[in-house]
Structures are given as structure tokens and as C-alpha cells.
Number of protein chains: 2
Amino acid sequence: MFISTYENKLDKKGRVSVPASYRSQINKDGFDSIICYPSFTLPTIEFCPQSRLDKIIEAIDNLNPFDENRDIFATSVAANSHKLNFDSEGRVTMVHKLLKHANINSKVLFVGQGKTFQMWDPSNFKRFSLSAQKKANLKRAELKWKSEN
Amino acid sequence: MFISTYENKLDKKGRVSVPASYRSQINKDGFDSIICYPSFTLPTIEFCPQSRLDKIIEAIDNLNPFDENRDIFATSVAANSHKLNFDSEGRVTMVHKLLKHANINSKVLFVGQGKTFQMWDPSNFKRFSLSAQKKANLKRAELKWKSEN
DNA sequence: CCTTTTATGGGATATCATGGGATAACATGG
DNA sequence: CCATGTTATCCCATGATATCCCATAAAAGG
């Protein structure tokens with residue numbers, strides 16, 4: 001389970017420590033690397049285990065072949081995904097293109113999303129989370145209802 | 001079952017003893033840690049067992065991966081939740097951000113809520129519970145009035 | 001009372017995040 | 001096939017932080 005948020009620094013080699021609690025979760029799932037790709041809709045980098053990427057690709061594959069979103073998703077996910085290996089200190093080296101997508105310079109904010117996590121520019125996230133919180137408050141009841149059924 | 005209230009102290013390392021009766025309840029449920037997050041509506045910190053968060057995350061995970069609500073819920077729930085481990089004396093180290101949300105300085109008030117519990121600033125709680133009591137009285141009067149008609 | 005559990009304080013130790021040098025892998029052009 | 005520059009790995013050092021462990025005080029229970 002990836003929860004909470006952690007702010008870490010990018011060094012000049014483009015490396016950043018993945019929070020220890022995230023790392024131990026990844027190891028527990030039996031992986032020594034992590035998949036990342038740009039979010040479709042937000043200025044953030046998505047991180048997930050290999051197993052989840054497999055599922056996402058399958059979900060896209062199951063879309064109607066004539067759905068115009070299919071190609072967009074397929075390209076966005078498969079072509080833009082990267083596998084990052086951990087060094088012996090638990091860091092990964094970030095891909096420059098992805099950092100640019102998320103507008104990240106020197107500080108990075110890891111944001112837990114349950115089964116996945118994201119990497120944000122800290123000030124960008126602050127803005128997003130404010131509006132997310134408001135929307136979530138409005139729609140929370142809806143989720144509850146669904147989860148009970 | 002978490003019942004009654006207990007007032008304990010935060011030490012200068014940010015640690016606080018979880019009341020023994022709460023701890024034994026948590027252990028009985030088979031957990032060696034506890035999840036906490038800011039209340040959506042009140043200046044208090046909510047505590048619940050891991051299993052409760054797991055269910056919510058599962059519900060979110062079952063949403064369509066391309067649904068924008070998914071990001072919103074995931075952020076509002078997962079990013080704001082923290083897992084706290086007990087030390088060998090039954091204390092947890094509090095997250096500064098949460099203390100700020102609840103306006104807690106040195107004294108903390110544990111408030112049992114049945115299946116969950118809360119952590120309040122003692123004087124804040126007094127104020128909020130008084131006004132809650134007034135509202136309850138008003139509604140009770142109203143209820144009575146209705147039932148008599 | 002006396003014993004046991006609980007709450008609190010603080011020093012010692014381990015873990016984590018970060019920086020940077022040294023080495024190895026790689027691609028490219030001659 | 002070699003030379004060279006680039007990039008990615010590996011390794012060690014260090015400061016900050018969190019965790020472990022022991023000591024003591026306060027409270028609860030028999």
C-alpha cells in the first residue's frame with residue numbers, strides 16, 4: 001500500500017531516493033524495479049509495479065478497436081513507459097522527458113495513491129490537491145455507496 | 001471497541017502513548033500499526049485499522065483507470081493517510097502536518113468512537129463537543145415536536 | 001500496601017536521504 | 001577494431017532522522 005507523501009531532492013545526476021516505505025512495498029511484491037509513465041490528464045508521473053502495467057495494457061487492448069481513445073491510450077502508456085532500476089541506496093535515475101512533463105526541477109513530491117504512487121512538483125501538487133479535496137468532499141458519498149455494493 | 005477518552009502528552013520527539021485499552025484492541029485485531037488521517041470536516045485526526053483503509057482503496061481501485069474521479073479519490077484518501085508504527089512502549093510518532101490540522105501542541109485527547117477513535121486538542125474538543133451537544137439538543141427538541149404531531 | 005501495568009524521558013543505535021568519486025558499460029566515429 | 005566521450009553503476013562517506021532500549025515515575029489493581 002502506497003500512502004502519505006514524501007518530499008525528496010533530485011541530485012545533479014538526476015537521481016532521487018524512493019521513500020523507504022514505498023521501496024519495501026515494492027520488494028514485498030517481489031519486484032526490484034518500477035514502471036513509470038506520464039499521466040494522461042495531469043502534470044504528474046505515475047508509478048506502478050510491472051504487474052499493473054500488464055493489466056493496464058490489457059484494459060486498453062479490450063477497448064473497442066474503433067474507439068479513438070484506444071490508440072491514444074496505447075501510445076501514451078506503452079510507448080511512454082519506462083522501467084527504472086534501483087541503485088544500492090534505493091534511488092532511481094529519472095528520465096528527463098518525464099520530469100519535463102511534470103514540471104519538476106529540483107524538489108519532487110511522492111504522493112501515495114494506494115496501489116500506485118505519483119511524482120509531482122511540490123507546488124503544482126498543492127494546487128491540485130486543494131481542488132481534488134473539494135471535489136472529493138462532494139462525491140465521497142457516491143464512492144461509499146458503490147463500495148458497499 | 002474504542003471507548004472513553006484519555007489525555008496524554010506529546011514529548012519533544014513528537015511521540016505519544018496510545019491508551020493501553022486502545023492498543024489491546026488493535027492487537028486483538030492483529031495489527032501492529034494504525035492508520036490516521038485528517039478529518040474532512042473537523043479539526044481532529046481520525047484513527048482506523050489498516051483493514052478499513054484497505055477496503056476504501058480497493059473501492060477506488062475498482063473505478064475505471066481512466067476515470068478522473070479515481071485520481072481525486074486516491075489523492076484525497078491515500079495521500080492524506082499515514083501509517084504509524086508502535087514502539088516497544090506503545091507510542092506512536094505523530095506527523096507534524098496532522099498535528100497542525102488538529103491544532104495540537106503538547107496535550108492530546110484520545111476520543112473513542114467505537115470502531116475508530118480521534119485525537120483532539122483538549123480545549124478544542126471541549127468547544128466542539130459543546131456546540132455539537134447544543135445542535136443535538138435542538139434536533140432532539142425538533143424530533144420530539146414532530147413525533148408529538 | 002505491594003505488585004503489575006502504564007506513561008514518560010532520554011541516551012544509544014540503526015536506518016534513511018544525499019553527495020560525490022571511481023569503475024564499468026555503451027554508443028559513435030575514425 | 002580501437003579510441004573517446006558519454007552515461008549509467010557501484011561504492012563509500014556523512015548528516016539527519018527515526019527506532020530501539022533501558023530507566024523511572026505514576027497509576028491501577030489485587
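All chains are named by letter (A, B, ...) in the order of the sequence lines, taking the proteins before the strands, and each is independently numbered beginning at 1. Atoms considered below: every heavy atom in the structure, side chains included; atoms not considered: hydrogens, waters and symmetry mates. Keep in mind it's a predicted model, so treat the numbers as computed, not measured.
Distance, M94(B) CE to dA18(D) P: 13 Å, rounded to whole Å. R23(B) has its CZ atom 14 Å from the C1' atom of dA28(D), to the nearest Å. Rounded to whole Å, atom C1' of dA8(D) lies 13 Å from atom CG of D11(A). A straight line from CG of L10(A) to C1' of dG20(C) spans 16 Å, rounded to a whole angstrom. As rounded to whole Å, 9 Å separates atom C1' of dT6(C) from atom CG of N8(B). One can place CZ of F86(B) at 17 Å from P of dC21(D), the figure rounded to the nearest angstrom. Separating the CG atom of N85(B) from the P atom of dC16(C) is a distance of 12 Å, rounded to the nearest angstrom. In this structure, OH of Y6(A) is placed 18 Å from C1' of dT18(C), rounded to the nearest angstrom.
Ranking dT6(C), dC16(C), dG19(C) by closeness to the A20(B) side chain, first place goes to dT6(C).
In terms of polar N and O atoms assigned as donor or acceptor, the side chain of K9(B) never comes within less than 3.5 Å of the base of dG9(C) in a complementary pairing.
Residue K13(A) is the one, among R15(B) and K13(A), whose nearest nucleotide of DNA chain D lies closer to the 5' end (criterion: closest heavy atom). Taking for each of E89(A) and T93(A) the nucleotide of DNA chain D with the nearest heavy atom, the 5'-most of the two is the partner of T93(A).
Side chains of K134(A) and L138(A) form no contact here, defined as non-hydrogen atoms less than 4.5 Å apart. M119(B) is listed as a side-chain neighbour of I104(B), based on a closest heavy-atom distance under 4.5 Å. Inter-residue side-chain proximity for R52(B) and I35(B) is flagged as unmet; no heavy-atom pair is nearer than 4.5 Å.
Residue-level contact check: V18(B) touches the backbone only, with heavy atoms under 4.0 Å from sugar-phosphate atoms and none from bases. Nucleic acid contact for D87(A): none, since no nucleic acid atom lies under 4.0 Å from a heavy atom of the residue.
Exactly one of F47(B), F125(B), Y6(B) qualifies for a ring pair (Phe, Tyr, Trp, His ring centres under 6.0 Å) with W120(B). That residue is F125(B).
Close to dA8(D), at under 4.0 Å from its OP1 or OP2, lies no side-chain N or O of R91(A).
Between Y22(A) and F110(A), the ring-plane angle classifies as perpendicular under the 30° and 60° cut-offs.
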